[in-house]
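Note that the numbering runs from 1 along the sequence shown for the chain. Atoms within each ligand, like the ligands themselves, are counted from 1 in listed order. All values below were derived from every heavy atom in this structure, side-chain atoms included, with hydrogens, water molecules and symmetry-related copies excluded.
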Amino acid sequence: SYTGTYAQLSVAIENGVRMAIDQQGGKLGGREIEWFKVDDESEPSKGVENASKLVQRDKVDVLIGTVHSGVQMGIQKVARDTGVLSLIPNAGVLAATRSLCAPSVFRASYTNSQPTLALGKAMMDRGHKKAVWISWKYAAGDEALEGFKQSYTAAGGTIVKELGLPFPNVEFQALLTEIAALKPDAVACFFAGGGAAKFIKDYAAAGLKGKIPLYGSGFLTEGILDAAGPAAEGIITTMHYADSLDTPRNKQFRLEYAKAFRSQPDVYAVQGYDTGLLLVQGANAVKGDMTAKPALYKALEGAVIDSPRGKWTMSKFHNPVQDIYLRQVENKENKVIGVAAKALADSGAGCRMG
Ligand code: PHB
């Protein structure tokens, strides 16, 4: 998605993928790689169109993408129809590893409800018993709400209102006025990319910062901390990564990424990097012969990814089993303040590989 609100996320993902493969001398299983690159503009209709072109015309062995859940559904269709290997470096749409799962589709990121399944209890622990939910109305927002609703109500919280606006609309004013009138104990949300930066700034400008604490699925504060400025300080979120993770693996990754790309990595960079690591493990297992599908899939299913986020494994539904961190923005960094869930797996409900 190289155009629009998710453009910057896509650059970070691509950087991460390239970094992992560059660490293998730019080859996969000893073979040269040919790259094809297309832009889906976060426009759902481009999913099928782009993926078909890449598979039919360019004859690619692997599709890597994308960011937006709606576009991913189109790619998923092509992956299922053609059996081409499809690696998902971001989009969290549940169906990709639940009802529409496939032997050739693997996700290196998360499902949309995974981060928010760890959010509800963290908010209740802080005494926020009544919350308003706000997000874009499409799969990513709707499914993040699903996770939040489950975790928040199980912990005894009440969602007093669910607010939404169409993606990628950023006219938040009327909704912020409504939040001020509702006076909940806290607000929880899903926004990402350029829209997230604008939401955080508008929330503060509306006088809500410091009055009604703002929480979110961690994408809210990823890749946008410079753009959001002081309005983002103090925001607490849940996510499978945090900038400040104090491990040699994360520190080394952050140094190398900053050196190579002259910018700080974020969760998208990590997911891209892990997608690259996954592809490397698969390709090495078949010595670069990407037509050796059963052996390739077996290697991907058994992959243990030594990620900057911490080691993760692949669930039998092809989605990461991973820790979810509680983070708080401090000095333009997502600082870890706790572990909100250990080895969290998505249910994979309705997945039949076959
Ligand atoms: C999605 O559409 O699945 C999506 C997009 C951006 C994010 C997270 C999820 O940061």
Salt bridge between K46 and E41, side-chain N to carboxylate O under 4.0 Å? yes
Within ligand 1, which atoms have a heavy atom of A192 less than 4.0 Å away? 6 (C), 7 (C), 10 (O)
At what distance is the nearest protein heavy atom to atom 5 (C) of ligand 1, and which residue and atom is it? V67 O, 3.3 Å
Ranked by distance from atom 10 (O) of ligand 1, the top protein heavy atom is Y268 OH, 2.7 Å
With distance as the sole criterion, is a donor-acceptor pair present between the side chains of Y2 and E14 under 3.5 Å? yes
Below the 3.5 angstrom mark, is there an N/O of F219, backbone or side chain, next to an N/O of ligand 1? no
Got the closest protein heavy atom to atom 2 (O) of ligand 1, with its distance? Y138 OH, 2.5 Å
For atom 9 (C) of ligand 1, which protein heavy atom lies nearest, and how many Å away is it? Y110 OH, 3.0 Å
Can you tell me how the ring of Y110 sits relative to the ring of F219, calling it parallel under 30°, perpendicular over 60° and tilted otherwise? tilted
On a heavy-atom basis, the closest approach of R98 and S113 is NH2-OG, 3.8 Å
Once the angle between the rings of F167 and Y138 is folded into 0 to 90°, is it parallel (under 30°), tilted (30 to 60°) or perpendicular (over 60°)? tilted
May I ask you to list the atoms of ligand 1 that are less than 4.0 angstrom from any heavy atom of G92? 3 (O)
Please verify the inter-ring angle class for Y257 with F261; under 30° counts as parallel, over 60° as perpendicular, anything in between as tilted. tilted
Which one holds for S69 and ligand 1: side chain close, backbone close, both close, or neither close, with close meaning a heavy atom under 4.0 Å? both
Please identify which atoms of ligand 1 are closer than 4.0 Å to at least one heavy atom of N90. 4 (C), 5 (C), 6 (C), 7 (C), 8 (C), 9 (C)
Could you please spell out the steps behind the salt bridge (Lys or Arg N to Asp or Glu O under 4.0 Å) verdict for R309 and D274? CA-CA 9 Å; R309 71 180 101 166; D274 289 3; 2.9 Å; yes
So the atoms of ligand 1 within less than 4.0 Å of a heavy atom of H68 turn out to be 2 (O)
